[in-house]
Amino acid sequence: MHAEIAGAGFAGLAAAIALRRRGWSVRVHEKEAVLQAFGAGIFIWENGQRVLQAIGAYQDVARGAHQAPGYETRRNGVCVSFEEINGANPFLLMTLTRQHLYSAILAATAREGIEIVTRSEAVAARREGVLELAGGRSLKADLVIAADGVRSAVRDSLGIVGSRRKYQDGIVRVLVDRGSLVSGSWDRVIDFWVFGPRTLRILYAPCEGDRLYMAMMSPRDDKEASRLPIDPAVWCGVFPMLAPVIETIGSRGRYDVYETTRLDSWSVGRVAIVGDAAHAMPPTLAQGACLAMMNALSLAEFASKGSDIVASLQRWEVQERPLTDHTQARSAELARTRALGSGMQWDDAGLRAALHVPIGTRPEEFRRPRRAHALLR
Ligand SMILES: Cc1cc2nc3c(=O)[nH]c(=O)nc-3n(C[C@H](O)[C@H](O)[C@H](O)COP(=O)(O)OP(=O)(O)OC[C@H]3O[C@@H](n4cnc5c(N)ncnc54)[C@H](O)[C@@H]3O)c2cc1C
């Protein structure tokens with residue numbers, strides 16, 4: 001069985017490894033010339049960590065990724081929520097740079113001998129199992145996977161987009177050095193919110209080494225705060241405790257708005273759509289990449305069972321879609337209401353995906369990592 005995959009992001013590579021490990025030949029097409037991760041840092045909850053283990057990337061990812069001792073939310077300078085994580089409570093969360101995560105997955109891809117073709121742009125797919133590339137080549141496969149991200153050209157060629165929606169807020173993402181913000185409460189993930197006279201947020205997340213990821217949220221219509229490069233005076237004025245790192249940002253960063261994609265169907269014939277191409281969501285629950293990899297793994301599991309690929313893809317969607325739909329809807333609701341300003345959602349609705357044991361993983365093999373830092377309240 002052979003699969004052609006469009007997109008060498010988290011979803012595409014996870015699908016490629018999972019299929020290869022089930023005996024498929026696979027080829028991945030990446031439109032960029034260089035294989036690298038975009039964005040800055042990323043949160044990977046337990047469900048994502050389990051998938052990383054199932055595709056052979058977990059050890060490399062865990063080596064160095066930050067395991068914060070706690071997750072705190074501060075609203076107008078006052079702590080409104082604190083939860084111990086990576087310890088006694090059942091919440092496993094790693095924070096790391098995207099490049100660290102991507103490099104580990106790429107190394108797993110190399111170990112499987114998977115071919116990744118760069119500068120290979122997919123433009124369309126046909127239901128009988130054909131991937132069309134820019135330049136006119138058509139590649140036949142038993143399974144075609146569209147993992148080409150939120151602006152997926154392959155998905156759009158199939159005419160199955162139900163809805164796309166943008167939200168009122170966006171995020172400037174930056175990576176800087178932690179500088180003097182080390183140890184004690186600075187080892188935690190801290191979600192700083194300020195409401196009034198303007199709404200701003202900085203999600204502070206230590207990563208591997210002394211790297212620090214900051215997601216700086218502002219409304220799209222706040223031209224001053226959403227501007228790039230960021231204006232240190234605007235942000236330091238609101239978050240003076242973070243001034244030592246804000247002042248080092250300089251010209252770094254990119255601004256992305258929150259976005260949701262919903263499809264009428266996750267497959268058309270022998271073509272499956274996975275990851276942000278199928279279900280982009282606001283990053284409020286930090287589940288986009290976790291679910292992208294989870295659904296890619298189970299796609300491989302379903303496609304490898306039974307002789308009828310088309311029916312297997314339909315069964316895959318029936319199995320996986322409810323949890324993804326729930327998480328997407330909850331993420332959208334949190335984006336709309338900015339309810340995270342009152343604290344992380346430590347409840348079933350907020351953490352259902354994080355605590356889910358993904359199909360294709362072996363629960364008995366997943367070892368809870370030892371926490372890297374002592375909890376200092
Ligand atoms: C601000 C922000 C913060 C986030 N934080 C988190 C978080 O903390 N945790 C989390 O789990 N998720 C998070 N997410 C979501 C996460 O980034 C995405 O869900 C994830 O990257 C989706 O992976 P993907 O492989 O589907 O798509 P992508 O990562 O977009 O990868 C798609 C790949 O396909 C390539 N490509 C595109 N078009 C073509 C084409 N036509 N032909 C060939 N190749 C193509 C691209 O170059 C890229 O390599 C966040 C998102 C945002 C916007």
Side-chain angles (χ1 to χ4, degrees), residues 9 32 34 36-43 72-78 95-99 102 149-151 164-181 186 189-207 210-261 276 280-286 288-289 331-342 344:
E32 300 295 338
V34 178
Q36 61 184 12
F38 292 95
I42 193 159
F43 289 61
E72 179 179 347
T73 304
R74 292 187 203 169
R75 183 185 173 117
N76 296 334
V78 177
T95 47
L96 57 162
T97 64
R98 284 190 177 238
Q99 194 54 43
Y102 191 71
V150 66
R151 280 173 279 279
R164 285 183 74 171
R165 187 177 163 197
K166 289 194 191 315
Y167 293 79
Q168 79 264 35
D169 295 325
I171 281 186
V172 175
R173 289 178 276 176
V174 295
L175 270 182
V176 292
D177 286 337
R178 285 171 73 181
S180 59
L181 304 186
W186 291 116
V189 170
I190 311 177
D191 199 0
F192 295 90
W193 285 80
V194 166
F195 292 97
R198 69 205 310 176
T199 299
L200 291 180
R201 170 194 185 196
I202 294 185
L203 181 58
Y204 164 100
C207 295
D210 60 357
R211 303 299 279 159
L212 172 65
Y213 166 44
M214 289 196 293
M216 307 165 78
M217 189 204 87
S218 57
R220 286 157 67 188
D221 59 11
D222 185 337
K223 297 296 173 215
E224 207 183 21
S226 56
R227 193 170 68 209
L228 281 172
I230 66 126
D231 180 347
V234 169
W235 291 90
C236 292
V238 178
F239 302 102
M241 71 297 285
L242 293 173
V245 282
I246 292 171
E247 278 160 359
T248 67
I249 292 173
S251 61
R252 277 172 280 204
R254 52 178 276 168
Y255 184 79
D256 295 284
V257 294
Y258 292 178
E259 192 165 344
T260 304
T261 314
D276 274 10
M281 61 189 73
T284 40
L285 290 174
S331 298
E333 175 72 3
L334 293 172
R336 201 179 53 73
T337 59
R338 297 176 177 149
L340 291 180
S342 303
M344 179 58 193

Dump the intermediate steps for side-chain contact (heavy atoms from CB on, under 4.5 Å) on Val174 and Val245, then the final yes or no. CA-CA 10 Å; Val174 295; Val245 282; over 6 Å; no
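- The CD1 atom of Ile202 lies 11.0 Å from the CD1 atom of Ile190; values are rounded to the nearest 0.5 Å.
- Between the Arg178 side chain and the Trp186 main chain, a donor and an acceptor come within less than 3.5 Å of each other.
- Remark: Arg252 CZ to Met214 CE distance equals 9.0 Å, nearest 0.5 Å.
- Taking the side chain to side chain contact (heavy atoms under 4.5 Å, CB included) definition, one finds that Asp222 meets it with Arg198, Leu200, Pro219, Glu224, Ala225, sequence neighbours left out.
- A donor-acceptor contact shorter than 3.5 Å links the side chain of Gln168 to the backbone of Arg336.
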Passes side-chain contact (heavy atoms from CB on, under 4.5 Å), Met217 versus Thr199? Steps please. CA-CA 8 Å; Met217 189 204 87; Thr199 299; 4.1 Å; yes
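- Side-chain N or O atoms of Thr73 include none that pairs as donor or acceptor with a backbone N or O of Asp191 at under 3.5 Å.
- Here the CG-CZ distance, from Leu242 to Phe192, works out to 4.5 Å after rounding to the nearest 0.5 Å.
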Assess the residue pair Arg75 and Ser342 against the criterion (side chain to side chain donor-acceptor pair (under 3.5 Å)); give the C-alpha distance rounded to whole Å, side-chain angles, the decisive distance to 0.1 Å, and a yes or no. CA-CA 7 Å; Arg75 183 185 173 117; Ser342 303; 3.2 Å; yes
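- Contact record, Leu212 with Pro206: CD1-N, 3.8 Å, taken as the closest heavy-atom pair.
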Could you go step by step and tell me if Met344 and Val189 meet the side-chain contact (heavy atoms from CB on, under 4.5 Å) rule? CA-CA 11 Å; Met344 179 58 193; Val189 170; over 6 Å; no
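- Separation of atoms CD (Gln99) and CD (Gln36) is listed at 6.5 Å; rounding is to 0.5 Å.
- Salt bridge present: Arg211 and Asp177 bring a charged side-chain N and a carboxylate O closer than 4.0 Å.
- Counting all heavy atoms, side chain and backbone alike, Pro232 lies closest to Ile230 at CD-O, 3.3 Å.
- At least one side-chain heavy atom of Arg220 sits less than 4.5 Å from a side-chain heavy atom of Tyr255.
- Residue Leu203 holds its CG atom at 11.5 Å from CE of Met216, rounded to the nearest 0.5 Å.
- The backbone N or O of Arg98 lies less than 3.5 Å from no partner atom in the side chain of Tyr213, so there is not a single donor-acceptor pair.
- When all heavy atoms of Gly253 and Val172 are compared, the pair lying nearest together is CA-CG1, 4.3 Å.
- A distance of 11.0 Å separates CG of Leu285 from CD of Glu333, quoted to the nearest 0.5 Å.
- When all heavy atoms are compared, the tightest approach of Ala205 to Phe43 is CB-CZ, 3.6 Å.
- The shortest distance between side-chain heavy atoms of Ile249 and Val176 falls below 4.5 Å.
- Applying the side chain to side chain contact (heavy atoms under 4.5 Å, CB included) rule to Ala335 yields the partners Tyr167, Tyr258, Pro282, Thr284; only residues at least two apart in sequence or on another chain are considered.
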